[in-house]
Each structure stands twice: as C-alpha cells, then as structure tokens.
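Residue numbering restarts at 1 for every chain, and letters A, B, ... go by the order of the sequence lines. Bear in mind that the values here come from a model prediction, so they are computed numbers and not experimental data. Worth knowing before you read on, the calculation uses all heavy atoms, side chains too, and leaves out hydrogens, waters and symmetry mates.
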There are 2 protein chains.
Amino acid sequence: MAAGLARERILVEAGELFLAGGPEGVTMRGLAARMGVTPMALYRHFDSRDDLLGAIVEEGHAVFLRYLNRSLAEATPAARLLAAGRQYLLFALEHPRRYAVMFMEHVPQPPEKKGANAWADAATFRFLVDRIRECAAAGVLTVEDPEAAALSVWAHVHGLVSLFLAGKLPVDRTAFESLYDESIQRLMRGFGGGGKGGSR
Amino acid sequence: MAAGLARERILVEAGELFLAGGPEGVTMRGLAARMGVTPMALYRHFDSRDDLLGAIVEEGHAVFLRYLNRSLAEATPAARLLAAGRQYLLFALEHPRRYAVMFMEHVPQPPEKKGANAWADAATFRFLVDRIRECAAAGVLTVEDPEAAALSVWAHVHGLVSLFLAGKLPVDRTAFESLYDESIQRLMRGFGGGGKGGSR
DNA sequence: GTCTATAGGTGGATAGAC
DNA sequence: GTCTATCCACCTATAGAC
C-alpha cells in the first residue's frame, strides 16, 4: 500500500505476460528481465509469485464486472439480460486468458479469503440474478427460483464459451457468435421467454 | 506394439498418478520410482512424456464412450437421452481428471491427428446427435437442427459439470446432482420436451 | 530392456550487502 | 528498493555400457 506506483507498473507488465502466455507465462525471472531488474526486486512488492498471480486475477474480476455493467445502459429488463449475455461473451473473447483462470481452472479455495469468493465472485453471480429477477417482475420470464434460473443461464453460457475457448468447437468466431445467440434463445424459451431476441 | 505387456503396466501406474495429481502429477521420475525402475527405462515404451500423456487421454475417450453406451439399455428414445445425460455426469464425477483434460483444457490441435478429433472426439458428439434425432423422430422433442440442438445440450451439461468440477459452485455432490437434473429439464422445455423427467 | 552417468533446462526463493 | 550470490527442487532427455 505504501509504494503503490512500482507495484502498478509490475502489475501492468505482468498482465501483458499473462495475456500472452497465461499463468505459466508469468515467471519472476522473465518478468524481471522484461523490466530490466533482477528477479529479487519483485519480491519487494509481492510476497510470492502466487501473490502476484492473485493480484492479476483480482484485476480480472474488476474488468469483468465493468463489461457486465455496460449492459445496464439498455432500456428494458429483457434487453438488459440479453445485453449481459453479449457482454459475457465479449469479455470471454477479448480476455480469454483471464476468463480461463477465472472460470475454467480449479482453485482449491484458499481458506484465507473469508469464503466470500464462492459462486465465483458473488458479485458477478448476483448481477445475473438481479437481471433475471427484473425480467420476472416485468413478466417477461416465468421464473420461480431466480437463483436456480441464473445458475442454468450461467452454466449454459459458460459451457458454450468454455468449449469454444478450449478449441473443442470447430467453428470460427463469427459462426460461434450466432450459434451462441441461438442457443441462448432456445434456453430462454424454456423460461417462457419467447425468443424474439434482439439485433446484433 | 511389440512388448505390449510392459506398456500396459506403465499405463496403469501412470493412470493412477494421473488420477491423483492430474497431468502435472505424471512425471517420468515419479512414475519410475513408483515402479522400481529408473526413469530411462520408461523411454523404451514411450517416446516422450507427451506420448505417455497422450495414451492416457486416449484411454479416457474410450472409458467415456463406455459410460455413454450404457444409456442404450433404456427402452425409449427419451429415456436414452436422459440416461445419456446422467452417464455424462457420472463419468465427470467419477473421472474428474480425465474429464478436465478431455474437455476443460485447451489443446492446440496437433496437425498430426488427421483433424478427426475436432468436436472433441466426434464419436461422443455423434452419440448425442443420434439420441436427439431419435427423440425428434419419436415426436418427443421438436428439433429442426439436431446438431445445433446437440451442441446446446452438450454446452449446457458441460457448463454445469465444469463449473462444479472447478469448485465454482458452493454445493455438495448430491445437491449438484438434483440441480443438474432440474437444469436439464428446463432446457428440454425449450425444445418442447415436457420436463416430466425420470426417476433418480 | 534396463542400467549409470550426465548434460542441460526451468523455475521459485533466501541471505545479506549496497 | 535493488543488487549479487547462491541454493534448491524439479524436470526431460541423450549416450553408451550391461
């Protein structure tokens, strides 16, 4: 907290390494060389490599939430929910590494963080629940349990995105995008939401 | 191919290491120590560590298909589709490591394998398409494009399973199982399949 | 088919001087 | 806040004898 400046600079450079090579791509040696310092200098700002990696992931959550928040600009509850889905996809496609560490990797729940991080950062899950509640209140969707519904939606969206990011779907990005929209509409139909969808 | 016996033994032991520690858990040194030989001995049977790991994954596909095939014992198309979903879950829960390497990790398509492995082992995807086609033919589901529908179903199921395996869902196994069933039924409703489901 | 010896590489991290 | 000097653990793989 004292010397915030240097720490930020390290985080920026480390973020670029992470972008290019994922967690494995971030090594104290490589990072130090890139910044023109010795590896040990980094330990003044981060206790360990895991500490550094943790900071990068935290940043990821913040970025993600920023994407989701954009959807609030829409006028109606239904439009906001749909927009949230698009923002979700956009984040995943523009930050695949971040997405992978945030949602596709097993992290054995470090007992330090007060358990608040369950539901993969409750804030993002809450966001989705709120969107669905909004739609239910407006009568656009028929939902008895918003949390259960949100989980279905999240899983669906995550399933599509993660399979695509893992290279399991032999389609290109644009093909995937339309496929993503269609699949979501099909799911919405299950909630009584007529898939009259939006423009893209 | 010549000395199949020793190769199998290695594969068994390596499989156990893999089970316990994932891909990272399989090291030539560790494996050799476990088997009471020197690391170099292993190179008689596998060209490299990647070769060994590849063999383990191949085995995984075979095991997975065996699970899916069990669902064919059911009497009706609808029951077979539902059973396939349960077998999918069962495989994932009983072989989480295998599931992870097969579906949750990015493999940069080695151009050697003739491209036949796209769609994450076409065989398993085909299986799902067939189940859905069957249901459509029987009038249980209303599906225009079986492949697109299969993709939706796969993504949904994979999304749930992978989030659970990654520890992102703060529920225990039994809670997850019922949640899994419910979520699938909700999706099926989108296909016109009344979620009158099955027993568990 | 298995061994010894060994080369060569990656990485994280501590101690203590400047 | 950064350095040098190390240490350590871990790993894959080659060469050539038995």
Exercise. Could you run through nucleotides 11-18 of chain C and give me one letter per nucleotide, 5' to 3': B if any protein heavy atom sits under 4.0 Å from the base, S if only the sugar-phosphate is that close, - if neither?
Key: BBBB----
Exercise. Name all residues meeting the salt bridge (charged side-chain N to carboxylate O under 4.0 Å, His left out) criterion together with B:E134; count only those two or more places apart in sequence or in a different chain, and write none if there are none.
Key: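 Result, salt bridge (charged side-chain N to carboxylate O under 4.0 Å, His left out) vs B:E134: B:R80, B:R131.
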Self-check item: Which residues share a salt bridge (charged side-chain N to carboxylate O under 4.0 Å, His left out) with A:E94, sequence neighbours left out
Solution: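 Scan of A:E94 (salt bridge (charged side-chain N to carboxylate O under 4.0 Å, His left out), adjacent residues dropped) gives none.
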Got a list of side-chain donor-acceptor pairs under 3.5 Å for residues 20-36 of chain A, not counting sequence neighbours?
residue	atom	partner	partner atom	Å
A:T27	OG1	A:G30	N	2.9
A:R34	NE	A:E13	OE1	2.6
A:R34	NH2	A:E16	OE1	2.6

Quiz item: Who pairs with B:F127 by ring-ring contact (aromatic ring centres under 6.0 Å, His included), at least two apart in sequence or on another chain?
Solution: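 B:F127: no ring-ring contact (aromatic ring centres under 6.0 Å, His included) contacts found.
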Quiz item: With sequence neighbours left out, what residues match B:Y67 under ring-ring contact (aromatic ring centres under 6.0 Å, His included)?
Solution: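 Listed in chain order: B:F91, B:H95.
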Quiz item: Taking atom P of C:dT10 as reference, at what distance in whole Å does atom CG of A:L31 sit?
Solution: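 Between P of C:dT10 and CG of A:L31: 17 Å.
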Quiz item: In whole angstroms, how far is the P atom of D:dC11 from the CG atom of B:L52?
Solution: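 Roughly 14 Å, once rounded to whole Å.
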Quiz prompt | Phosphate OP1/OP2 of D:dC3 contacted by A:T38 side-chain N/O (<4.0 Å) | solution =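 It does, given that an N or O in the side chain of A:T38 lies less than 4.0 Å from OP1 or OP2 of D:dC3.
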